Engineer: 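Here's a structure for you.
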Amino acid sequence: MSDKLKKIIAALLLALPAAAIAQGLHENVSENASEVSQSLIPLEVFVGDQAELRYAFRSAVDFFPNADLVMEKEIDISKFPFKNLNASLTIKSAYFSRNDMEYVISVQIVPWRPGAIEFPPFDLFSVLGLNEKDKNKNISYSILFDPIEIKSIVEKTNLREMQPPAPPFIIPGTTYVLFAISLAALVAFALILRALIKFGDIQRWLNHLSMRRAYRRNSTIAIKKIKRLCKNKKINDIDFCAGLQNITRSYLAFRFDYPFESASARGVRDAFFKICLGEIPSSIAYSVEDLTSMFIRTDYIRYAHDSIDSQLYPPAEHQAKLASYERKSLSDMVLKAIALFESDGASEEELDVL
């Protein structure tokens, strides 16, 4: 035997153990699996239902090293090689768990078409990301789900034609409730319609109500001021008369919307003729005369002091001084007129103030 042939035989003998070792490193460890079982929950799954695909097996391979006896981890569903099944089903979530020596792969799915769905095999180490942690170990653990059968609604109901629409289900007593609601809506609509028709009357009524409140406040202020003026014993006759006139003029100007501030004492009667369109109603005629008399008397007290007229006889009639009872009598004239103007005895139609 030549030397060259001897060298070739020696090289082959040295290569055999290395090849055997390499073959051992690349073997599929799934051959050690035993008691493999697969189940679909529920047993009958229809299109659109959510179901659970459970794949259980026992293996000596430890997928949870340095962990307790009961373990579970969520699987990243994007690592499953199931892209070709996107039109057939959707994977909602997946979990991998261990109980003692038994492993379970649980996949939540929603199928979208009837018939058999076949899954491609996948490497459990790759799906779990274990081979990324130790790249020196070139090992794999192949898993292959059995095909699953998805049923259609047609098979479940045995109906192959469109069914007529079912009548609406009515809860007992609903008819009466609907009738009551309809009646209430009709009444509300009628009220709203009437309100719209009567809007002008309502607007006038609101304006009248607002004006009456303003009149009431105006009269209240005037009455309080007159009473306060009468209680003031320190004020002289001239200032009393001026104060009573100012209070009365301010009240009348607001109440009748007329410039009583510039009206003369004898012009008060003429102002009421204009307000009442040329004829003073009998219900307020006496009050108008009392107010005219009050303005004439108070003007005389204010401006006739030390005048020739004030020296005429008899002094009780001509002197520019109020008698002891006149403050009260003059104030009462104004208070009675205010009470009459704010009462129902003198209507707004008679006074023509609205």
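Treat the numbers as computed from the prediction; the structure is a model and nothing was measured.
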Engineer: Using the salt bridge (Lys or Arg N to Asp or Glu O under 4.0 Å) rule, collect all pairs that involve residues 281-290, keeping only residues at least two apart or in two chains.
Structural biologist: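 Found Arg269-Glu289.
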Engineer: Name all residues meeting the side-chain contact (heavy atoms from CB on, under 4.5 Å) criterion together with Asp257; count only those two or more places apart in sequence or in a different chain, and write none if there are none.
Structural biologist: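 Asp257 satisfies side-chain contact (heavy atoms from CB on, under 4.5 Å) with no other residue.
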Engineer: Show, in sequence, the C-alpha distance, side-chain angles and deciding distance for Val61 and Leu124, and conclude whether the side-chain contact (heavy atoms from CB on, under 4.5 Å) test is met.
Structural biologist: CA-CA 11 Å; Val61 179; Leu124 185 57; over 6 Å; no
Engineer: For Phe256 and Phe341: C-alpha separation, side-chain torsions, deciding distance, then whether ring-ring contact (aromatic ring centres under 6.0 Å, His included) applies.
Structural biologist: CA-CA 10 Å; Phe256 298 105; Phe341 294 151; 5.1 Å; yes
Engineer: Can Val110 be reached from Phe46 by stepping across I, L, V, M, F, W or Y side chains whose heavy atoms are under 4.5 Å apart?
Structural biologist: no
Engineer: Are Asn84 and Pro120 close enough that some pair of their side-chain heavy atoms sits under 4.5 Å apart?
Structural biologist: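 Yes, side chains in contact.
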Engineer: Any heavy-atom pair between the side chains of Leu128 and Ile75 that's under 4.5 Å?
Structural biologist: yes
Engineer: Determine whether a donor-acceptor pair (N or O, by modelled atom type, separation under 3.5 Å) exists between the side chain of Asp239 and the backbone of Asn236.
Structural biologist: no
Engineer: Ion pair present between Lys328 and Glu326, side-chain N to carboxylate O less than 4.0 angstrom?
Structural biologist: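 Answer for the salt bridge query: no.
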Engineer: Is there a side-chain contact between Lys225 and Tyr251, using heavy atoms and a 4.5 Å cut-off?
Structural biologist: no
Engineer: Are more than 12 heavy atoms, taken from residues, nucleotides or ligands other than Glu118, located less than 6.0 Å from that residue's CD atom?
Structural biologist: no
Engineer: Mark yes when over 12 heavy atoms from residues, nucleotides or ligands other than Leu193 sit less than 6.0 Å from its CG; otherwise mark no.
Structural biologist: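 Counting neighbours around CG of Leu193, more than 12 heavy atoms of other residues, nucleotides or ligands fall under 6.0 Å, so yes.
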Engineer: Would you say Ser88 and Arg113 are linked by a side-chain donor-acceptor pair, where the criterion is simply a distance under 3.5 Å?
Structural biologist: yes
Engineer: Does Ile247 offer a backbone N or O that forms a donor-acceptor pair with the side chain of Ser250 under 3.5 Å?
Structural biologist: no
Engineer: Strictly by salt bridge (Lys or Arg N to Asp or Glu O under 4.0 Å), give each pair with a member in residues 82-92 just once, sequence neighbours left out.
Structural biologist: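 Salt bridge (Lys or Arg N to Asp or Glu O under 4.0 Å) check on residues 82-92 returns no pairs.
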Engineer: Does a donor on one side chain sit under 3.5 Å from an acceptor on the other, for Glu261 and Asn246?
Structural biologist: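 No, no side-chain donor-acceptor pair sits under 3.5 Å.
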Engineer: Within the 3.5 Å criterion, strictly below it, is a donor on Ser106 or Tyr55 matched to an acceptor on the partner's side chain?
Structural biologist: no
Engineer: Indicate yes or no: does Arg327 engage Asp237 in a salt bridge with an N to O separation below 4.0 Å.
Structural biologist: yes
Engineer: Please report the C-alpha distance between Phe295 and Phe260 in whole Å, then the side-chain angles of each, then the deciding distance to 0.1 Å, and finally whether the ring-ring contact (aromatic ring centres under 6.0 Å, His included) criterion is met.
Structural biologist: CA-CA 11 Å; Phe295 277 109; Phe260 277 94; 7.9 Å; no
Engineer: Can Arg255 and Tyr215 be said to form a side-chain contact (heavy atoms from CB on, under 4.5 Å), step by step?
Structural biologist: CA-CA 6 Å; Arg255 180 61 177 81; Tyr215 289 160; 3.5 Å; yes
Engineer: Kindly give the heavy-atom pair with the smallest separation between Cys241 and Leu322, and that separation in Å.
Structural biologist: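 That closest heavy-atom pairing would be SG-CD1, 3.9 Å.
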Engineer: Quick one: pull up CE in Met333 and CE in Met294 and give me the separation to the nearest 0.5 Å.
Structural biologist: 8.5 Å
Engineer: Any luck finding a side-chain donor-acceptor pair between Thr298 and Gln245 under 3.5 Å?
Structural biologist: yes
